[in-house]
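What follows is a set of notes on a single structure, which appears directly below.
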Amino acid sequence: MADNNYEPSAEAKAGRPFPVSWDQFHRDCRALTWRLNEVGPFHAVIAITRGGLVPAAIVARELGLRVIDTVCVASYDHDKQSDLQVLKGVSPDVAKLGGGTGKGLLIVDDLVDTGTTGRLVRQMLPDAHFATVYAKPKGKPLVDTFITEVSQDTWIHFPWDTALSFQPPIRP
Ligand SMILES: O=P(O)(O)OC[C@H]1O[C@H](OP(=O)(O)OP(=O)(O)O)[C@H](O)[C@@H]1O
Ligand code: HPA
Ligand SMILES: [Mg+2]
């Protein structure tokens, strides 16, 4: 019998795969930092876990920032979007540096997709600068600085989620 409750994953709905290598990701993070360097200085970096941890480390290294905090959220179970859960908010020391509204703080995530996560962090820290490496159209208005826009029907495959594998030739 057909399963009428079948809900395709966000990845399946997106359809168009966009694999990103470590090299490419590093280059894109550096490009992002060049832009952020024009906007700063910043007191601290806040990584949106988990995807924001990798770009936040690279950006912090390039900008010479050593105060790094996390906001821990979960919105996708692998590739199915569920309710957003905040597992950890901004630490009191870093919140103080941002005067309570996030002024002078830099929030970093790997991407904005629907904008659900971005909307939440903007509510938490309305005056912070929100940067992502990649942006899809629905989430783009929430981001202050990003490097590469991809279409809404693209699914980005990050290097920490993937591995090299054999591909059959195009002409068998
Ligand atoms: O704009 P949105 O539709 O909210 O999607 C973007 C968010 O989704 C992913 O995180 P996810 O919740 O999958 O967790 P992860 O970072 O731990 O992989 C990604 O890292 C962004 O944080
Ligand atoms: O395109 C994506 N790739 C990986 N994780 C994601 N989380 C939301 N959108 C994406
Ligand atoms: Mg994330």
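Side chains are part of it too, since the values below use all heavy atoms of this structure and drop only hydrogens, waters and symmetry mates. Atoms within each ligand, like the ligands themselves, are counted from 1 in listed order.
Proximity of Thr49 to ligand 1, defined as any heavy-atom pair under 4.0 Å, is confined to the backbone N, CA, C and O atoms. Contacts of Asp113 with ligand 1, taken as heavy-atom pairs under 4.0 Å, involve both backbone and side chain. Neither the backbone nor the side chain of Phe18 comes within contact range of ligand 2; no heavy atom lies under 4.0 Å. Of the heavy atoms in Asp109, only side-chain atoms (C-beta onward) come closer than 4.0 Å to ligand 1.
Numbered from 1 in the order shown, with element, the atoms of ligand 1 that lie under 4.0 Å from a heavy atom of Val112 read 1 (O). Near Arg50, the atoms of ligand 1 lying under 4.0 angstrom from a non-hydrogen atom of the residue are 15 (P), 16 (O), 17 (O), 18 (O). For ligand 1, the atoms sitting less than 4.0 Å from at least one non-hydrogen atom of Leu111 are 6 (C), 19 (C), 21 (C), numbered in the order shown with element in parentheses. Shown in contact with Asp110 at under 4.0 Å from a heavy atom are these atoms of ligand 1, numbered in order with element: 19 (C), 20 (O), 21 (C).
Look at Gly115 and you'll find a heavy atom under 4.0 Å from some atom of ligand 1.
No N or O atom of His157 sits closer than 3.5 Å to an N or O atom of ligand 2. Residue-to-ligand polar distances keep Leu111 apart from ligand 2: every N/O pair is separated by 3.5 Å or more. Remark: ligand 1 and Gly51 share an N or O pair separated by less than 3.5 Å (distance only, no angle test).
For Asp161, the salt bridge (Lys or Arg N to Asp or Glu O under 4.0 Å) test picks out no residue, with sequence neighbours left out.
Contact of the Trp155 side chain with the Asp113 side chain is registered, since non-hydrogen atoms from C-beta on lie closer than 4.5 Å.
For the residue pair Leu142 and Arg119, the shortest heavy atom distance occurs at CD1-N, 3.9 Å.
In terms of hydrophobic clustering, with Ile, Leu, Val, Met, Phe, Trp and Tyr side chains grouped at heavy-atom distances under 4.5 Å, Val143 and Leu120 are assigned to a common cluster.
Few gaps surround NZ on Lys88; more than 12 heavy atoms of other groups in view lie less than 6.0 Å from it.
Salt bridge annotation for Asp144-Arg35: absent, with no cationic side-chain nitrogen under 4.0 angstrom from a carboxylate oxygen.
Residues in residues 99-119 take part in no ring-ring contact (aromatic ring centres under 6.0 Å, His included) pair, two or more places apart or across chains.
Under the side-chain contact (heavy atoms from CB on, under 4.5 Å) test applied with Val20, the options Ile156, Thr148, Leu111 reduce to a single match, Ile156.
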